[in-house]
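Each chain gets a letter, A, B and so on, in the order the sequences are listed, and its residues count up from 1.
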Amino acid sequence: MNYRQQFAEKIHSHLEGMVDVNEIISLIEEPKYSTHGDLAFPCFTLARKLKKSPQQIAADLSEKINAPFLEKTVPEGPYLNGFLNKESVSRQVIQQINEKQGNYGSFSIGNGKTITLDFSSPNIAKPFSMGHLRSTVIGNAIANISEKCGYKVVRINHLGDWGTQFGKLITAYKLWGSEEKVRENPIKELFHLYVTFHEKAEKQPDLEDKARSWFKQLEAGNEEASQLWKWFREESLKEFAKIYGLLDIQFDSYDGEAFYNDKMDAVIQVLKAKDLLSVSDGAEVVDLTDENMPPCLIRKKDGATLYATRDLAAALYRRKTYHFEKSFYIVGQEQHLHFQQLFLVLQKMGYDWAAELKHIPFGFILKDGKKMSTRKGKVVLLEDVIKEAIDLAYKNIEAKNPSLVNKQEVAKQVGVGAIIFHDLKHERQNNIEFNLDEMLKFEGSTGLYVQYTHARGRSILRKASVKDDLNIVGLTDSHSWTVIKTLMDFPNVIEKSFQHTEPSVIARYVLNLSQEFNKYYSHVKILSDDAEQNSRLALVNSVTIVLKEGLRLLGVQAPEQL
RNA sequence: GUCCCAGUAGCUCAGCAGGAUAGAGCAACAGCCUUCUAAGCUGUGGGUCGCAGGUUCGAAUCCUGCCUGGGACGCCA
């Protein structure tokens with residue numbers, strides 16, 4: 001069903017082997033204006049080789065080329081425009097989607113190989129902020145997309161459950177905390193302590209030393225420190241579970257930083273054995289000046305390890321445990337340098353698979369044009385935002401469709417979907433200004449628009465009582481054709497989205513398909529008893545299948561009714 | 001200072017393995033519900049594609065420099 005390729009082969013067969021087929025494929029484009037047809041071949045590059053004007057080439061090719069899948073070809077200046085046979089093509093597209101259902105657009109390029117994805121990774125004892133939302137939803141979508149492409153994926157939540165922050169937290173807890181307060185409202189109180197620490201430390205620098213010392217004791221296995229750590233961690237995980245429940249996201253592993261505590265010595269030994277470690281200002285580092293990069297800190301002057309050490313241990317462990325072919329890190333772009341260093345160190349250690357590790361960065365959620373800082377306590381809680389979204393969705397349902405059953409369930413799907421979709425429709429590298437109104441909009445280019453379109457389609461199908469044996473004929477009117485062509489594009493969209501590790505490609509695609517279906521819906525009477533009715537219903541079914549599958553890949557649900 | 005990301009309509013953003021006339025949504029204005037969900041559809045207005053060079057038959061798209069905004073640059077992650 002790859003008409004682009006077939007078109008290219010036709011052209012190729014009339015060029016006496018002067019140009020490679022693949023080169024022709026890469027030249028073929030889709031005309032911007034539908035009056036120019038469905039496929040276009042610009043003849044400029046051939047002009048020199050064939051010593052003919054592009055116009056002449058287009059005209060010659062047009063006379064020679066004909067094929068069952070082509071209705072006609074028309075030379076238009078230097079372009080050869082191809083018009084697909086709408087009748088047969090539309091019939092095939094509709095049939096194929098109805099057959100394959102949710103598997104339409106799946107690939108086997110992954111060949112069952114494994115990809116590990118490190119995403120979400122919130123810090124213990126800190127609230128789940130809007131900032132973590134990005135890693136969480138982008139990572140989850142890329143995981144789904146990878147599966148769709150035939151990979152086995154391992155979703156890893158690399159919890160920030162270790163590090164100097166626990167030294168700070170223990171220090172603060174011992175100075176100003178109370179057990180009752182923490183029990184009452186764990187995250188809030190722990191976070192309050194964390195913020196207080198940073199406020200006070202500005203005037204009392206010795207607090208930082210205390211924190212370092214506590215962390216060192218924690219690493220050494222000090223009983224009191226370990227008890228506190230365990231407690232803080234458990235309370236935090238309970239809180240995170242609520243968020244993941246709302247977002248409907250699961251992980252295969254919660255092995256966080258603490259998990260690698262006993263695996264770091266080995267890393268340091270290897271580094272030493274390969275003579276990669278050097279001492280600088282009392283700290284142990286891997287020098288990267290050859291690569292034009294600042295050194296990678298492995299061990300602090302007080303002997304404590306750093307996140308680079310843990311990430312090295314984690315990479316080695318994951319390779320050994322999961323035998324991944326690729327390994328993705330969905331982490332903010334501010335950590336770009338860290339990952340460059342990490343990958344380089346692994347390369348220097350002699351692991352050729354280091355080339356398959358990939359940092360997938362994303363932009364910030366900004367507040368008034370600036371990065372939000374957790375340390376100062378200025379943070380917007382994701383849970384609050386989600387609850388507000390669900391609330392608003394519920395109110396909208398009450399206003400628009402008060403008789404709907406499962407109002408609460410649908411409100412959740414719509415509210416959560418709005419937040420996920422708002423994030424994923426932007427290219428991940430872009431910064432996003434935090435704007436609740438924008439996020440909770442329920443019109444225009446939103447998740448709801450897609451859900452609504454899907455529900456409209458499903459509603460028709462319920463009314464129509466579809467027959468099993470669909471006798472499908474081609475649909476050739478312009479509204480159907482636009483929808484068909486978009487449906488035909490879905491597999492390419494999946495592939496592009498995977499190759500660029502860019503969920504927004506799919507988000508924009510489902511918006512586009514929705515828009516075209518809504519036009520179709522308002523211009524064509526679907527439930528009308530004539531020879532094409534079955535075909536129209538099959539088309540509607542195709543659209544709902546693709547919309548639902550597209551949303552699923554993004555982590556958004558598609559309710560039957562709204 | 002070095003490095004990374006971004007700069008396209010009033011606002012939010014697509015388009016950037018170069019191609020025909022630069023597109024959506026929001027906002028503004030004007031229409032469309034006795035017919036499949038109006039959370040929708042139709043129409044109107046709105047652009048020096050940050051600036052300057054370069055490569056090319058052809059540049060929003062590729063290269064160089066500059067400007068603006070955000071971020072990173074050793075003991076946080």
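- Under 3.5 Å, the side chains of A/D489 and A/T486 contain no donor-acceptor pair of N or O atoms.
- Under the 90° criterion around 0 for the glycosidic angle, B/A17 counts as syn.
- Across all strands shown, B/G23 forms a Watson-Crick or G-U wobble pair with B/C13, both key distances being under 3.5 Å.
- As rounded to whole Å, 10 Å separates atom C1' of B/U35 from atom OH of A/Y521.
- In this structure B/A39 sits in no base pair that meets the Watson-Crick or G-U test at under 3.5 Å.
- Set against B/A39, B/G70, B/U37, the side chain of A/R456 has B/U37 as its closest nucleotide.
- A/Y329 places its OH atom 14 Å from the C1' atom of B/A77, with the value rounded to the nearest Å.
- Among B/U37, B/U21, B/A77, the nucleotide with an atom closest to any side-chain atom of A/N123 is B/A77.
- The CD-C1' distance, from A/E427 to B/C5, rounds to 11 Å in whole Å.
- Put simply, A/H336 does not rest on the base of B/A72: the two rings are not both less than 5.5 Å apart at their centres and under 30° in tilt.
- The nucleotide whose nearest atom lies closest to any side-chain atom of A/E334 is, among B/C36, B/G71, B/A39, B/G71.
- Remark: A/E291 engages A/K348 in a salt bridge, criterion side-chain N to carboxylate O under 4.0 Å.
- Using Watson-Crick or G-U wobble geometry with both donor-acceptor distances under 3.5 Å, B/C51 finds its partner in B/G65.
- At whole-Å resolution of the value, CD in A/Q429 and C1' in B/G70 are 12 Å apart.
- Ring geometry for A/H422 versus A/H426: interplanar angle over 60°, hence perpendicular rather than tilted (30 to 60°).
- For the atom pair CG of A/D161 and CZ of A/F259, the computed distance is 11.0 Å after rounding to the nearest 0.5 Å.
- Across all strands shown, B/A28 pairs with B/U44; the Watson-Crick or G-U wobble distances both stay below 3.5 Å.
- OP1 or OP2 of B/A20 has at least one side-chain nitrogen or oxygen of A/K32 nearer than 4.0 Å.
- One atom, CG of A/L297, and another, P of B/C73, lie 11 Å apart when rounded to the nearest Å.
- Pair check for B/G1 finds B/C73; Watson-Crick or G-U wobble, both atom distances under 3.5 Å.
- In this structure B/C33 sits in the syn conformation; its chi angle is within 90° of 0.
- OP1 and OP2 of B/C41 both lie 4.0 Å or more from every side-chain N or O belonging to A/K519.
- For B/A77, the OP1/OP2 oxygens have a side-chain nitrogen or oxygen of A/R310 closer than 4.0 Å.
- We find that A/K485 and A/D38 are joined by a salt bridge, their nearest charged nitrogen and carboxylate oxygen being less than 4.0 Å apart.
- No N or O donor and acceptor, one from the side chain of A/Y452 and one from the base of B/A39, sit under 3.5 Å apart.
- One can find a donor-acceptor pair under 3.5 Å joining the base of B/G74 and the side-chain atoms of A/S280.
- The CZ-C1' distance, from A/F362 to B/C5, rounds to 13 Å in whole Å.
- Atoms CZ (A/F421) and C1' (B/U12) sit 14 Å apart, rounded to a whole Å.
- Proximity of the aromatic rings of A/F119 and A/Y329 is defined here by a centroid distance below 6.0 angstrom, and this criterion is not met.
- In this entry the distance linking CG of A/L513 with P of B/G40 reads 16 Å, nearest Å.
- Between A/R212 and B/C76, a side-chain N or O to OP1/OP2 separation shorter than 4.0 Å is present.
- A donor N or O paired with an acceptor N or O is not found under 3.5 Å between the base of B/A14 and the side-chain atoms of A/N430.
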